[in-house]
Amino acid sequence: MIFKVRGVLLRFTNYENEIEVGGATVRDGLTALTERYPDLAEVLMDREGSVRATHLIALNGEKLTPDELDREATEDDRVDIVTAISGG
Amino acid sequence: MPRSSAYEVVLDASLFTPDRLQPTAVGRLAFQAGTRWLRDHVCGHRTLVSEHRVGFVLWAWQLEYDQPLRFHDADEARVEVRARVRGPRASQLEMEMTVSGPAGVAVRTRAASVPLRLTGDQALSGAPTTLPDSFVAGFHEDEVERSPYLSPVRGLLGAFEREGERIASHTTAFRVHRHHCEVADQWYWVESLGFAGGAREECVLRHGGSAPELRRALAEGIRRVDATWLRAGQLWDLLRVRTTAYRHGGGLAFVHELGLAEDDSGGPYAIVVERV
């Protein structure tokens, strides 16, 4: 699957905005992604390893709830990670 | 009496169009003024973010030009700013600023922000909240207003459609680059005023031949801006501005809807209304 990373998250992926990772589900893909970019894991995940509520995960444009991260994903699927709100 | 911060700013040529302060320059002065008021009277912005984990997102802004102030009029201008907590549950922070020159108040702005409870991560991500009691306690009684600020933007759009006449429409595209962003790598709201202004000029360039009255937007300048921000443009987002020009009540109005170029069905990121 291909992860699309935007905005404030780019600096945690060394400014790669399209990242191809393996895995059978979106959750597998997230694990592979955060293993590759440990700094991203600190921003994206809470202490329990769940995606923080301030970030949205979408599979081919469909927003997923935390319970839906086990959805299957193929190598052509697109997963967007969007930070809902940042504030300075 | 509500407390104010007042100070002089030195005027340089980059702040001006041929006949007035640039809207983007006013926006930058307003953001600086609001930050200064917070530092002077309640709590510095940096401290608010790093220690209290509270951030702000601007959702509405107004600019109104009043008396003339041109580059050749003065070496400096006087900035005055006040702030209020607004809303029944202290859900908004409002900042009002004036910039005055030799002829009096040149521009007035009003900004309404909503607070975020920051999660503490390096991305400064957060979720909407109300202002913490400890923060509100720093405001005087006459700096707290129970009624919320209401943006006029939706009402204006309805009025233009009902009572006005569409003259032209145009779409431009742009990408959010880092020099358009603030510390969290999302667009600095002032830059979206610049994107809207650029889209207006493209509209005039494209349609000024068939609708010469559009050129009033450049010849006479903008007298008022009302804007609202609904979502944040982020670093490297490819965005588009859909601009519609209306004839309305003897005046001219430009409505700019800023959103993702690739429609995600999430609605516009911002709406900027400029009136001539």
Side-chain angles (χ1 to χ4, degrees), chain A residues 2-20 26 30 33-66 68-69 76-88, chain B residues 31 34-35 38 44-50 52-59 93 113-129 131 175-178 180-189 229-239 260 262-266 269:
Chain A
I2 300 166
F3 275 84
K4 295 272 286 185
V5 178
R6 294 171 55 207
V8 69
L9 299 180
L10 284 165
R11 64 189 165 109
F12 303 105
T13 64
N14 197 28
Y15 297 94
E16 278 196 73
N17 62 339
E18 291 191 3
I19 304 161
E20 197 171 338
V26 173
L30 275 169
L33 183 71
T34 51
E35 282 175 358
R36 192 183 302 177
Y37 300 103
D39 290 344
L40 181 66
E42 288 185 27
V43 172
L44 202 57
M45 305 295 191
D46 63 19
R47 287 176 188 164
E48 285 74 43
S50 302
V51 177
R52 293 180 195 266
T54 48
H55 303 284
L56 303 175
I57 309 293
L59 175 61
N60 297 321
E62 180 190 351
K63 288 174 189 164
L64 301 182
T65 65
E68 294 173 323
L69 294 177
D76 293 329
D77 283 326
R78 167 180 162 162
V79 181
D80 288 279
I81 309 177
V82 179
T83 304
I85 311 178
S86 290
Chain B
F31 191 62
T35 304
L38 278 178
H45 193 179
R46 180 185 61 81
T47 303
L48 198 62
V49 169
S50 59
H52 299 286
R53 293 194 174 177
V54 174
F56 288 102
V57 171
L58 186 71
W59 76 274
L93 177 64
S113 303
V114 293
L116 297 179
R117 165 60 62 189
L118 302 176
T119 60
D121 66 38
Q122 290 184 69
L124 294 178
S125 66
T129 185
L131 288 165
R175 192 177 293 281
V176 178
H177 291 122
R178 197 164 229 175
H180 301 124
C181 293
E182 37 85 298
V183 66
D185 270 343
Q186 62 187 3
W187 67 8
Y188 176 34
W189 61 272
W229 288 266
L230 309 165
R231 303 161 71 190
Q234 301 199 20
L235 179 66
W236 291 356
D237 277 353
L238 184 60
L239 302 182
L260 275 178
E262 178 187 351
D263 190 10
D264 68 343
S265 307
Y269 279 27

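Order of the sequence lines fixes the chain letters, A, B, ..., with proteins taken first and strands second; residue numbering starts at 1 for each chain.
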Quiz item: Which value, rounded to the nearest 0.5 Å, describes the distance between Arg6(A) atom CZ and Asp185(B) atom CG?
Solution: 12.0 Å
Self-check item: Arg53(B), CZ atom: more than 12 neighbouring heavy atoms under 6.0 Å
Solution: no
Self-check item: Carboxylate-amine/guanidinium proximity below 4.0 Å for Glu262(B) and Lys4(A)
Solution: no
Practice problem: Could you check which of Leu235(B), Leu58(B), Leu48(B) has the highest count of heavy-atom pairs closer than 4.5 Å to chain A? | Solution: Leu235(B)
Quiz item: Shortest non-hydrogen contact from Trp236(B) to Tyr15(A)?
Solution: CZ3-O, 3.5 Å
Self-check item: chain A contact via Arg178(B) - side chain, backbone, both or neither, heavy atoms under 4.5 Å
Solution: side chain
Self-check item: Gln234(B) CD to Leu9(A) CG distance, which is reported to the nearest 0.5 Å
Solution: 7.0 Å
